[in-house]
Engineer: 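Before anything else, here's the structure in question.
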Amino acid sequence: MPFIIETCTAQHIGDRDEQQDRVGLFAHPIRKGALLAVVADGMGGHTGGALAAEQVVHSARTNFVSNPLEAGEIRDILASSINDAHAAIRLAHLTSEQEPHSTACLLIVHHGKADWAHCGDSRVYHFRAGALVSKTWDHSHVMNLVRQGYLTEAQAAEHPQKNLLISCLGDESPPQIEFGSADPLAEGDSFLLCSDGLWAYFSDQELGQLLSELPPREAAERLIQGARERAAGRGDNVSCIVLRVKYVAEERPVPPWRRTPPKE
């Protein structure tokens, strides 16, 4: 059955002096129905973080539109996008006094499925009918402790080192890249890509409920508004992309014997 992807992007500067997050949503120029979603959270002082995040979006779009999107090559495209952005950010560091860094979340819808990759602590969530199917694990010190069983996610959220990343684009070490997929897409699937300025203020259950009950634009507005209210004047940049799968009825041709003859 054919489906459409309803989408929305949203951002807010929060209580910062500069918007260093970047988002991008692109349709493929040749592959019908294929699209790319990107969220990048830049770090690195005045303008440096913004430039790093822009490089993530640029590299992702370049790799996406220049490939025919053969089914077996998607993860290579995702990995190349992140590694290319990392190399460009490192070059900017070597040729300037800035120390730019960025997270990266990339998701590609293609061939009736979705594939994604990430590095850092921006997240990709996958919900089905409001229930959490999967979410990315942050490349952070506290989430490593959660994975090893030393902390719960609730304890990690209150940890004084919760913002300490162990991998991101622009570090001396190559970025850690992790992948995920939804195959096949199904009615009720929703995806949320967002920076930590948003997910830090919501439970998984809250996110799933909003994405299942509201159209993408209204859900994004509610998420931005909720993050701003809960930040209470101390909020980071907030960025998100919402995607929702909606199946549509396939039109079938009307048999000749059922067609109404033209009136005389």
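The first residue of the sequence shown is numbered 1, and numbering continues consecutively from there.
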Engineer: Compute the centroid of each ring, for Tyr125 and then for Trp199, and state whether the two points are separated by less than 6.0 Å.
Structural biologist: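 So the answer is no for these two rings.
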Engineer: Go through the steps for Lys113 and Asp115 under the test salt bridge (charged side-chain N to carboxylate O under 4.0 Å, His left out), then give the verdict.
Structural biologist: CA-CA 7 Å; Lys113 62 181 290 190; Asp115 280 276; 3.4 Å; yes
Engineer: Using a distance-only test with no angle check, is there a side-chain donor-acceptor pair under 3.5 angstrom linking Asp41 and Thr103?
Structural biologist: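 No, no side-chain donor-acceptor contact under 3.5 Å.
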Engineer: Taking the side chain as everything from C-beta on, heavy atoms only, tell me whether Leu192 gets closer than 4.5 Å to Cys240.
Structural biologist: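 They are in contact (side-chain heavy atoms under 4.5 Å apart), so the answer is yes.
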Engineer: Evaluate Asp15 against Arg234 for salt bridge (charged side-chain N to carboxylate O under 4.0 Å, His left out), listing each step before the verdict.
Structural biologist: CA-CA 6 Å; Asp15 299 294; Arg234 299 183 300 275; over 6 Å; no
Engineer: Let me confirm one number: the CD-OG distance from Gln20 to Ser239, rounded to the nearest 0.5 Å.
Structural biologist: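 Between atom CD of Gln20 and atom OG of Ser239 there are 11.0 Å.
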Engineer: Determine whether a donor-acceptor pair (N or O, by modelled atom type, separation under 3.5 Å) exists between the side chain of Glu54 and the backbone of Arg22.
Structural biologist: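 No, Glu54 side chain to Arg22 backbone: no donor-acceptor pair under 3.5 Å.
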Engineer: Yes or no on salt bridge (charged side-chain N to carboxylate O under 4.0 Å, His left out) for Lys135 and Glu153, after CA distance, side-chain angles and deciding distance?
Structural biologist: CA-CA 13 Å; Lys135 66 179 178 181; Glu153 288 197 51; 2.9 Å; yes
Engineer: May I have all residue pairs that pass side-chain hydrogen bond (donor to acceptor under 3.5 Å, both in side chains) and include part of residues 172-189, sequence neighbours excluded?
Structural biologist: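 Listed by first then second residue: His126-Asp189, Arg128-Asp189, His139-Glu178, Arg147-Glu178.
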Engineer: If you round to the nearest 0.5 Å, how far is CE of Met143 from CG of Leu165?
Structural biologist: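 Going from CG on Leu165 over to CE on Met143, the span is 12.0 Å.
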Engineer: State, without any angle test, whether Glu221 and Gln225 hold a side-chain donor-acceptor pair at a distance under 3.5 Å.
Structural biologist: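 No donor-acceptor contact under 3.5 Å links the two side chains.
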Engineer: Centre of Phe127's six-membered ring, under 6.0 Å away, within 45 degrees of the axis: is that where NZ or CZ of Arg244 sits?
Structural biologist: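 Cation-pi check for Arg244 and Phe127: fails.
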Engineer: Supply the members, apart from Ile77, of the Ile/Leu/Val/Met/Phe/Trp/Tyr cluster built from side-chain contacts under 4.5 Å; use none for a lone residue.
Structural biologist: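 Listed partners: Phe26, Leu36, Val38, Val56, Val57, Phe64, Val65, Leu69, Ile74, Leu78, Ile82, Ile89, Leu106, Ile108, Leu169, Ile177, Phe179.
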Engineer: Counting N and O atoms only, with roles assigned by atom type, does the side chain of Thr7 sit under 3.5 Å from a partner on the main chain of Leu243, one being a donor and the other an acceptor?
Structural biologist: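 Not a single qualifying donor-acceptor pair exists.
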Engineer: Is a side-chain N or O of His12 found less than 3.5 angstrom from the main chain of Gly14, in a donor-acceptor match?
Structural biologist: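 Checking the backbone N and O of Gly14 against the side chain of His12, a donor-acceptor pair under 3.5 Å is found.
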Engineer: Determine the sole option in Arg16, Arg228, Arg230 for which the salt bridge (Lys or Arg N to Asp or Glu O under 4.0 Å) test with Asp236 is passed.
Structural biologist: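 Exactly one option meets the salt bridge (Lys or Arg N to Asp or Glu O under 4.0 Å) with Asp236, and it is Arg16.
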